[in-house]
**Q** 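Have a look at the structure that comes next, please.
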Amino acid sequence: MTASSTRSTAHEPHYWLMKSEPSCFSIDDLKKAKIAPWDGVRNYQARNYMRDDMRTGDIVLFYHSNCAEPGVVGVASVAGEAYPDHTAWDPHSEHPDPRSTPERPLWYMVDVAYVDTFAKPVTLRILKADPFFANMLVVQRGQRLSIQPVEKRHAKRIISLGMRK
DNA sequence: GCCAACGTTGGC
DNA sequence: GCCAACGTTGGC
């Protein structure tokens with residue numbers, strides 16, 4: 001084990017669920033963009049996941065929230081490690097925060113790359129109805145965190161459900 | 001549109 | 001450090 005190997009060698013990807021309101025940024029928007037910064041996160045826990053725990057190649061379950069059929073609609077991947085969210089110090093952005101400056105960034109983001117859109121969305125209703133998913137964060141009452149770690153077994157099952165015609 | 005649950009703010 | 005008030009999230 002060399003000093004550089006901890007981060008630079010291939011590792012088991014981690015799995016994440018990332019929420020977006022489709023009226024704001026949908027999986028179709030990501031498909032068109034191919035790769036996009038996940039900006040605007042203004043929650044410390046979600047920031048910490050992006051800044052401290054996400055690695056290039058991690059798998060993202062793209063979740064549509066606050067819409068008619070909330071649920072996982074496709075797959076993306078983390079395209080690079082976190083960097084300062086410059087929209088925070090832009091007073092004209094959607095989520096300005098004057099506490100964050102280029103010298104002392106408060107908020108961070110990662111780039112996310114489009115991978116695939118599910119043939120059939122795996123809706124929150126489906127997840128809640130299946131005991132296999134019972135301890136996923138997203139099905140817990142009152143869970144609002146917009147970026148959540150997901151167990152590999154849950155991610156694998158959701159992806160296989162979603163890909164099924 | 002309603003509203004419960006949550007995270008943050010700020011007075012004390 | 002407590003906690004009430006407030007703004008936000010997000011399912012329904």
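Small disclaimer: the values here were computed from a predicted structure and weren't measured. Convention: sequence-line order gives letters A, B, ...; per-chain numbering from 1. Reckoned from all heavy atoms, side chains included, excluding hydrogens, waters and symmetry mates.
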**Q** Are the ring centres of A:Trp107 and A:Tyr44 closer than 6.0 Å?
**A**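 Between A:Tyr44 and A:Trp107, which both carry aromatic rings, the centre distance is below 6.0 Å.
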**Q** Keeping the roles fixed (side chain from A:Ser100, backbone from A:Asp97), state whether a donor-acceptor pair exists under 3.5 Å.
**A**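 Judged by distance alone, no pair lies under 3.5 Å.
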**Q** Using a cut-off of 6.0 Å, state whether more than 12 heavy atoms not belonging to A:Arg153 lie near its atom CZ.
**A**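 Above 12, so yes.
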**Q** Is a salt bridge present between A:Arg47 and A:Asp52, judged by a nitrogen-to-oxygen distance below 4.0 Å?
**A**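 No, A:Arg47 and A:Asp52 are not salt-bridged.
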**Q** Taking the six-membered ring for Trp and the full ring for Phe, Tyr or His, determine whether the centres of A:Phe62 and A:Trp16 are under 6.0 Å apart.
**A**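 Aromatic pair excluded; centres sit 6.0 Å or further apart.
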**Q** In residues 63-70 of chain A, which ones come under 4.0 Å of DNA chain C, going by heavy atoms?
**A**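 Residues of residues 63-70 of chain A under 4.0 Å from DNA chain C: A:Tyr63, A:Ser65, A:Asn66, A:Pro70.
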**Q** Flag the pair A:Ile59 / A:His14 as yes when at least one side-chain heavy-atom distance between them is below 4.5 Å, and no otherwise.
**A**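 Answer no - side chains too far apart.
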**Q** To the nearest Å, how far apart are A:Arg125 CZ and C:dG11 C1'?
**A**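 Taking CZ of A:Arg125 and C1' of C:dG11, I get 12 Å after rounding.
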**Q** Quick check on the hydrophobic clustering: are A:Ile158 and A:Phe132 connected, directly or via other members, by side-chain heavy-atom contacts under 4.5 Å?
**A**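 Linked, A:Ile158 and A:Phe132 end up in one cluster.
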**Q** Between A:Glu12 and A:Lys152 (salt bridge meaning N to carboxylate O under 4.0 Å), is one present in this structure?
**A**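 Judged by the 4.0 Å cut-off on N to carboxylate O distance, A:Glu12 and A:Lys152 do form a salt bridge.
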**Q** Under 3.5 Å, which protein N or O atoms sit close to an N or O of nucleotides 6-10 of chain B? Give each pair with its distance.
**A**
from: B:dC6; atom 1: O2; to: A:Arg144; atom 2: NH1; distance (Å): 2.7
from: B:dC6; atom 1: O2; to: A:Arg144; atom 2: NH2; distance (Å): 2.6
from: B:dG7; atom 1: O4'; to: A:Arg144; atom 2: NH2; distance (Å): 3.1
from: B:dT9; atom 1: OP1; to: A:Arg99; atom 2: NH1; distance (Å): 3.4

